[in-house]
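Quick note: residue numbers are just sequence positions, from 1.
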Amino acid sequence: TTKTEAKEIIKTENVNLYYGERKALHGINLNFRENEITALIGPSGCGKSTYLRCLNRMNDLIPNITITGSFTLNGHNIYGPKEDTVRLRKEVGMVFQQPNPFPFSVYDNVTFGLKLAGIKDKKTLDERVEESLKQAAIWDEVKDKLHKSALSFSGGQQQRICIARLLAIQPDVILLDEPTSALDPISSQMIEDTLLNIKDRYTIIIVTHNMSQASRISDKTAFMLNGHLVEVGDTKKMFLTP
Ligand code: ADP
Ligand code: ADP
């Protein structure tokens, strides 16, 4: 029997990146499939965040940066016209190390992107809020407090609210840059469970320095060193001790 290969959503080829004169990424070739979690691991400063930020053009804001190579999302050039970056950011959402909810209610956080997209119907918004918060495994904790400020919750809860805010706009790809490093172990585990729970609908790429996290939740692991991709493969195989 032949196993059906999952679709490759993001493809990157021969990625080179310079901060000024300094080369931070060297010829990286890496693709990402839907319904898979890929962990990017490697020592601090090896270029994991730099590479991740290429995928939704977050790096565009940095002065004197040079990025070369090919980047496609569903076959479309990620580095097309600048005006396409608004759509790109909806398709490729990002979660950061520090939870960064907006300083207003949980409800307004989760509906923010939907309202920007022109969705005004109260019932639709309510449904999407409940669905997203459930997917992010935070619904039970906030359902009676939707109008409380998101900032009044714990760090772990705030991070799950941020994930719900992202899920509400239904991106294709979710980038996470050390999303649990600022959290306690129980909150970290809840985020990990959330990612496992939603991965059948998304393409997920997570930067982590936590090896047990990488081995627990990822399907693929990509190992970087000094701006190079040194190994990529099935997580189960890569973490096998000889
Ligand atoms: P990692 O995420 O693996 O810790 P980074 O991608 O943050 O690594 O950094 C890779 C290299 O690029 C490091 O040497 C870092 O100092 C450098 N770097 C990161 N961001 C910038 C920036 N905005 N300007 C200049 N150099 C940077
Ligand atoms: P091509 O490289 O195939 O010529 P274009 O950029 O011209 O692709 O876009 C073809 C169609 O796909 C257009 O309708 C455009 O709006 C749409 N499109 C382009 N980029 C994206 C994207 N990142 N996500 C979704 N649709 C896109």
**Message:** Can you tell me how the ring of His228 sits relative to the ring of His26, calling it parallel under 30°, perpendicular over 60° and tilted otherwise?
**Reply:** parallel
**Request:** Answer yes or no: are there more than 12 heavy-atom neighbours, outside Ile186 itself, under 6.0 Å from its atom CD1?
**Result:** no
**Asked** Tell me, do Leu167 and Arg201 make a side-chain contact under 4.5 Å, heavy atoms counted?
**Response** no
**Message:** If we ignore hydrogens and angles and just use 3.5 Å, is the side chain of Thr235 paired with the main-chain N or O of Ser218 as donor and acceptor?
**Reply:** yes
**Asked** Does Gln159 reach the main-chain N or O of Pro179 with its side chain, forming a donor-acceptor pair under 3.5 Å?
**Response** yes
**Request:** State whether the side chain of Arg160 and the backbone N or O of Ala137 hold a donor-acceptor pair below 3.5 Å, judged by distance alone.
**Result:** yes
**Asked** Given the rule in the side chain to side chain donor-acceptor pair (under 3.5 Å) test, do Asn64 and Tyr18 qualify, once you have shown the distances and angles that lead to the verdict?
**Response** CA-CA 8 Å; Asn64 302 318; Tyr18 299 80; over 6 Å; no
**Item:** Distance in Å, Ile10 CD1 paired with Thr72 OG1, rounded so as to fall on 0.5 Å steps
**Value:** 8.0 Å
**Request:** Establish whether Leu176 and Val173 are linked, either directly or via other cluster members, by ILVMFWY side-chain heavy-atom contacts under 4.5 Å.
**Result:** no
**Message:** side-chain contact (heavy atoms from CB on, under 4.5 Å), that's the test. Do Met58 and Leu175 meet it? Break it down for me.
**Reply:** CA-CA 11 Å; Met58 285 275 293; Leu175 311 177; over 6 Å; no
**Prompt:** Is Phe112 reachable from Ile174 through a run of hydrophobic residues whose side-chain heavy atoms are each under 4.5 Å from the next?
**Reply:** no
**Message:** To check you understand the geometry: which heavy-atom pair defines the closest contact between Glu192 and Ile217, and what is its length?
**Reply:** CB-CG2, 3.7 Å
**Request:** Please round to the nearest 0.5 Å and tell me the distance separating atom CG of Leu229 and atom SG of Cys46.
**Result:** 10.0 Å
**Complete:** Closest heavy-atom pair, Ala39 versus Ala214, reported as atoms and distance to 0.1 Å, is CB-CB, 3.8 Å
**Complete:** Tightest non-hydrogen contact, residues Thr208 and Gln213, listed as OG1-OE1, 2.7 Å
**Lys23, NZ: over 12 other non-hydrogen atoms inside 6.0 angstrom** = yes
**Prompt:** Can you find a pair of side-chain heavy atoms, one from Tyr19 and one from Ile65, that are under 4.5 Å apart?
**Reply:** yes
**From OG (Ser181) to NE2 (His209), nearest 0.5 Å** = 4.5 Å
**Asked** So, does Lys48 use its side chain to make a donor-acceptor pair with the main chain of Phe223 at under 3.5 Å?
**Response** no
**Message:** Is the shortest side-chain heavy-atom distance between Met190 and Asp193 below 4.5 Å?
**Reply:** no
**Asked** Under 3.5 Å, is there a donor-acceptor pair between the side chain of Asn31 and the main chain of Thr12?
**Response** yes
**Request:** Specify the closest pair of heavy atoms between Asn59 and Ile67, including all atoms of both residues, with the distance to one decimal.
**Result:** CB-CD1, 3.9 Å
**Message:** When you compare the side chain of Arg57 with that of Arg89, does any pair of heavy atoms fall below 4.5 Å?
**Reply:** yes
**Request:** Can you see which heavy atom on Asn197 is nearest to which on Gln135, and at what distance?
**Result:** ND2-O, 3.8 Å
**Prompt:** Do Leu133 and Val106 pass the side-chain contact (heavy atoms from CB on, under 4.5 Å) test, and can you show the C-alpha distance, the side-chain angles, and the key distance before you say yes or no?
**Reply:** CA-CA 10 Å; Leu133 289 165; Val106 175; 4.2 Å; yes
**Complete:** To the nearest 0.5 Å, atom CD of Gln158 lies from atom CD1 of Ile163 at 12.5 Å
Please tabulate, for side-chain N and O atoms in residues 143-153, each donor-acceptor pair with protein atoms closer than 3.5 Å (sequence neighbours left out).
residue	atom	partner	partner atom	Å
Ser149	OG	Leu151	N	3.1
Ser152	OG	Ser149	O	2.7

**Asked** Under a single-linkage definition using a 4.5 Å side-chain heavy-atom cutoff for Ile, Leu, Val, Met, Phe, Trp and Tyr, are Leu116 and Val92 assigned to the same hydrophobic cluster?
**Response** no
**Message:** Looking only at side-chain N and O atoms, does Arg216 offer a donor or acceptor that is under 3.5 Å from a partner on Asn210?
**Reply:** no
**Item:** Minimum side-chain heavy-atom gap Met224-Leu25 below 4.5 Å
**Value:** yes
**Message:** Just so I know, are the side chains of Phe32 and Ile204 near enough to count as touching, which here means a heavy-atom distance under 4.5 Å?
**Reply:** no
**Message:** Please check: side-chain N/O of Asn109 versus main-chain N/O of Phe104, any donor-acceptor pairing under 3.5 Å?
**Reply:** yes
**Request:** Take Tyr107 and Asp126, measure what side-chain contact (heavy atoms from CB on, under 4.5 Å) needs, and give me the verdict at the end.
**Result:** CA-CA 9 Å; Tyr107 187 89; Asp126 288 355; 2.6 Å; yes
**Request:** Rounded to the nearest 0.5 Å, what's the gap from CG on Leu225 to CD1 on Ile41? Could you check?
**Result:** 9.5 Å
**Request:** Using salt bridge (Lys or Arg N to Asp or Glu O under 4.0 Å) as the criterion, point out the one residue from Arg33, Lys199, Lys237 that pairs with Asp219.
**Result:** Lys199
**Item:** Cluster overlap Tyr51 with Ile206, hydrophobic side-chain contacts below 4.5 Å
**Value:** no
**Prompt:** Should Val232 and Thr221 be marked as a side-chain contact (heavy atoms from CB on, under 4.5 Å) after you check the CA-CA gap, both sets of side-chain angles, and the distance that decides it?
**Reply:** CA-CA 6 Å; Val232 54; Thr221 298; over 6 Å; no
**Message:** When you measure from the side chain of Thr180 to the backbone of Leu183, do you find a donor-acceptor pair of N or O atoms at a distance under 3.5 Å?
**Reply:** no
**Asked** Are the side chain of Thr111 and the backbone of Leu114 linked by a donor-acceptor contact shorter than 3.5 Å?
**Response** no
**Prompt:** Taking side chain as C-beta onward, heavy atoms only, is Thr68 less than 4.5 Å from Asn14?
**Reply:** no
**Asked** Is the backbone N or O of Gly27 less than 3.5 Å from a side-chain atom of Asn16, with the two atoms forming a donor-acceptor pair by type?
**Response** yes
**Prompt:** Which pairs with one or both residues in residues 64-75 pass salt bridge (charged side-chain N to carboxylate O under 4.0 Å, His left out), sequence neighbours excluded?
**Reply:** none
**Message:** Using the rule that Ile, Leu, Val, Met, Phe, Trp and Tyr join whenever any side-chain heavy atoms are under 4.5 Å apart, tell me whether Ile169 and Leu195 fall into a single cluster.
**Reply:** yes
**Prompt:** Does atom CD of Glu83 have more than 12 heavy-atom neighbours from other groups under 6.0 Å away?
**Reply:** yes
**Fill in**
Interatomic distance, CD1@Ile9 vs OH@Tyr202, rounded to 0.5 Å, equals 12.5 Å
**Prompt:** Heavy-atom distance under 4.5 Å between the side chains of Arg128 and Ile119, does that happen here?
**Reply:** yes
